[in-house]
Amino acid sequence: MKKTWIIMLAIAIIIIGIIAGISIHEKNNKKIAKNNIIENEINEVSEKIVDECTDEWNRLQEARLEIEVNAKEEKISPNCRLTLKRYYTECQHTINEYIDISQSLVNATKKDLEKEYSNWEVKEYSSTEIVLYREFDSDCGQHFILKNDNGKITVYRINENNEEIEYQKTEISIDYLTETDKVQIQNGIRVNGIEELNQLIEDFE
């Protein structure tokens with residue numbers, strides 16, 4: 001009888017030991033799993049922070065490079081002269097127009113200029129001199145001829161039908177011109193463009 005109790009007690013102790021072992025093992029597994037979850041969350045947060053820092057660093061680097069490029073790029077000065085060269089395919093003449101740079105383009109870059117004049121080709125570019133070029137499939141409409149009219153120079157515009165239409169009477173007397181100029185005026189001096197016309201009249205004055 002006593003022996004039976006001892007065996008039952010031993011069995012009970014073994015069962016309790018097994019249950020306790022299983023319980024401890026499960027607790028350890030749960031603890032390990034919890035630690036793994038925490039560690040994964042920490043890693044995810046760390047990676048996110050690293051990614052965000054890397055992105056911010058890249059943005060700062062790009063901004064710095066852009067600032068450096070803009071600083072090195074030549075800017076348009078307020079006293080820059082802009083020349084518009086228009087080539088007309090029908091009459092094969094090039095008309096130059098010289099204009100002051102607009103206020104909106106002062107301190108602008110070549111890229112800004114190309115946006116402003118998107119239909120033009122930049123032939124020359126510097127802070128003080130810009131030349132833009134464009135072709136037109138038409139006649140320039142600026143063909144003139146200077147002739148003698150009662151002893152004074154008169155300017156006629158030549159239209160598309162080659163007709164001479166009075167454009168401007170001047171007070172320039174041919175009496176004060178050189179003999180060569182008198183002969184040329186008598187035959188008619190042809191010029192193309194307002195600029196060339198004004199220059200020639202100025203030379204005769």
Side-chain angles (χ1 to χ4, degrees), residues 62 65-149 151-174 176-205:
E62 288 172 3
L65 287 173
E66 187 174 346
I67 290 169
E68 286 180 358
V69 168
N70 288 337
K72 290 177 183 177
E73 195 168 359
E74 197 166 12
K75 305 288 179 67
I76 300 172
S77 70
N79 61 343
C80 178
R81 186 172 79 160
L82 175 60
T83 303
L84 301 178
K85 295 178 78 74
R86 295 180 174 89
Y87 177 75
Y88 296 87
T89 56
E90 285 189 12
C91 58
Q92 297 183 343
H93 290 143
T94 300
I95 304 297
N96 293 332
E97 180 185 2
Y98 303 99
I99 62 175
D100 294 327
I101 203 73
S102 65
Q103 192 62 36
S104 62
L105 286 175
V106 173
N107 291 324
T109 64
K110 186 178 180 181
K111 193 174 181 180
D112 298 325
L113 176 72
E114 289 171 339
K115 284 182 182 177
E116 186 79 13
Y117 290 89
S118 57
N119 295 324
W120 294 75
E121 178 186 351
V122 180
K123 287 288 188 181
E124 294 180 32
Y125 177 84
S126 72
S127 61
T128 56
E129 184 76 25
I130 295 171
V131 177
L132 302 178
Y133 175 84
R134 186 177 176 185
E135 291 188 0
F136 295 85
D137 295 326
S138 61
D139 185 286
C140 69
Q142 294 188 24
H143 304 157
F144 303 95
I145 186 167
L146 284 70
K147 287 185 173 182
N148 175 18
D149 182 14
K152 292 188 177 180
I153 295 175
T154 298
V155 181
Y156 298 88
R157 187 176 70 83
I158 303 171
N159 66 15
E160 60 273 10
N161 298 319
N162 210 32
E163 298 169 336
E164 297 177 7
I165 301 168
E166 188 176 295
Y167 176 78
Q168 178 186 357
K169 282 182 176 290
T170 75
E171 293 301 316
I172 304 170
S173 174
I174 64 169
Y176 301 103
L177 301 180
T178 66
E179 290 302 318
T180 302
D181 288 339
K182 285 179 183 178
V183 172
Q184 288 180 335
I185 286 292
Q186 205 63 41
N187 295 328
I189 301 176
R190 290 177 176 266
V191 293
N192 300 312
I194 299 292
E195 181 194 4
E196 188 178 340
L197 172 64
N198 291 338
Q199 184 61 55
L200 187 60
I201 291 173
E202 188 179 322
D203 291 342
F204 284 147
E205 286 177 340

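Residue numbers start at 1 and run along the sequence shown.
The CG atom of N119 sits 4.5 Å away from the CZ atom of R134 when rounded to the nearest 0.5 Å. Here the CG-NZ distance, from L113 to K115, works out to 12.0 Å after rounding to the nearest 0.5 Å. Between the OG1 atom in T83 and the NZ atom in K123 there is a gap of 13.5 Å [rounded to 0.5 Å]. Taken from CG in L105 to OG in S77, the straight-line distance is 11.5 Å, to the nearest 0.5 Å. The distance from the CZ atom of R157 to the CD atom of Q168 is 13.5 Å, given to the nearest 0.5 Å. Note that the CZ atom of F204 and the OG1 atom of T170 stand 9.5 Å from one another [nearest 0.5 Å].
Under a 3.5 Å cut-off, the side chain of N187 and the backbone N or O of V183 do form a donor-acceptor pair. At distances below 3.5 Å, at least one donor-acceptor pair connects side-chain atoms of Y125 with backbone N or O atoms of K110. No donor-acceptor distance shorter than 3.5 angstrom exists from the side chain of S127 to the backbone of E74, with no hydrogens or angles considered.
Within a 6.0 Å sphere centred on CG of N79, heavy atoms belonging to other residues, nucleotides or ligands number more than 12. More than 12 heavy atoms of other residues, nucleotides or ligands lie within 6.0 Å of OH in Y98, so this atom counts as buried by the packing criterion.
Salt-bridge formation is not detected for the pair E114/K111: no Lys NZ or Arg NE/NH1/NH2 atom is positioned less than 4.0 Å from an Asp or Glu carboxylate oxygen.
Contacts classified as side chain to side chain donor-acceptor pair (under 3.5 Å) and involving residues 140-149 (residues at least two apart or in different chains) are given here: H93-H143, K147-E164, N148-Q186, D149-T154, D149-K169.
Residues F136 and I95 form no side-chain contact, since every pair of their non-hydrogen atoms from C-beta on lies 4.5 Å or further apart. Contact annotation: the side chain of I165 approaches that of N159 to within less than 4.5 Å [non-hydrogen atoms, C-beta and beyond]. Side-chain contact between N96 and V131 is absent, with no heavy atoms from C-beta onward closer than 4.5 Å. Contact check for Y88 versus N192: no side-chain heavy atoms found under the 4.5 Å cut-off. Put simply, the side chain of F144 does not reach to within 4.5 Å of the side chain of L200, judged on heavy atoms. For the pair R86 and Y133, the minimum side-chain heavy-atom distance is 4.5 Å or more. Within the 4.5 Å cutoff, the side chain of K152 has no heavy atoms near those of the I172 side chain. Taking the side chain as every heavy atom from C-beta outward, L82 and I76 never approach each other to under 4.5 Å.
Heavy atoms only, all atoms of each residue included: C91 and C140 are closest at SG-N, 3.4 Å. The shortest non-hydrogen separation linking S126 to C80 is O-SG, 4.3 Å. Here the closest non-hydrogen pair linking E90 and D139 is OE1-N, 3.6 Å. Between P78 and I101 the shortest heavy-atom distance is O-CG2, 3.6 Å.
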Mind running side-chain contact (heavy atoms from CB on, under 4.5 Å) on I145 and I189 for me, showing each step along the way? CA-CA 5 Å; I145 186 167; I189 301 176; 5.8 Å; no
Residue pair Y87, Q92: steps toward the side-chain contact (heavy atoms from CB on, under 4.5 Å) verdict: CA-CA 7 Å; Y87 177 75; Q92 297 183 343; 3.5 Å; yes
Check against side-chain contact (heavy atoms from CB on, under 4.5 Å), K75 and T109: CA-CA 5 Å; K75 305 288 179 67; T109 64; 3.6 Å; yes
Start with the C-alpha gap between Q184 and L177, add the side-chain angles, then the distance that decides, and say whether side-chain contact (heavy atoms from CB on, under 4.5 Å) holds. CA-CA 10 Å; Q184 288 180 335; L177 301 180; over 6 Å; no
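Side-chain contact check for T180 and T178: no donor-acceptor pair (N or O, by modelled atom type) lies under 3.5 Å. With no hydrogens or angles considered, no side-chain donor-acceptor pair links E202 and N198 at under 3.5 Å.
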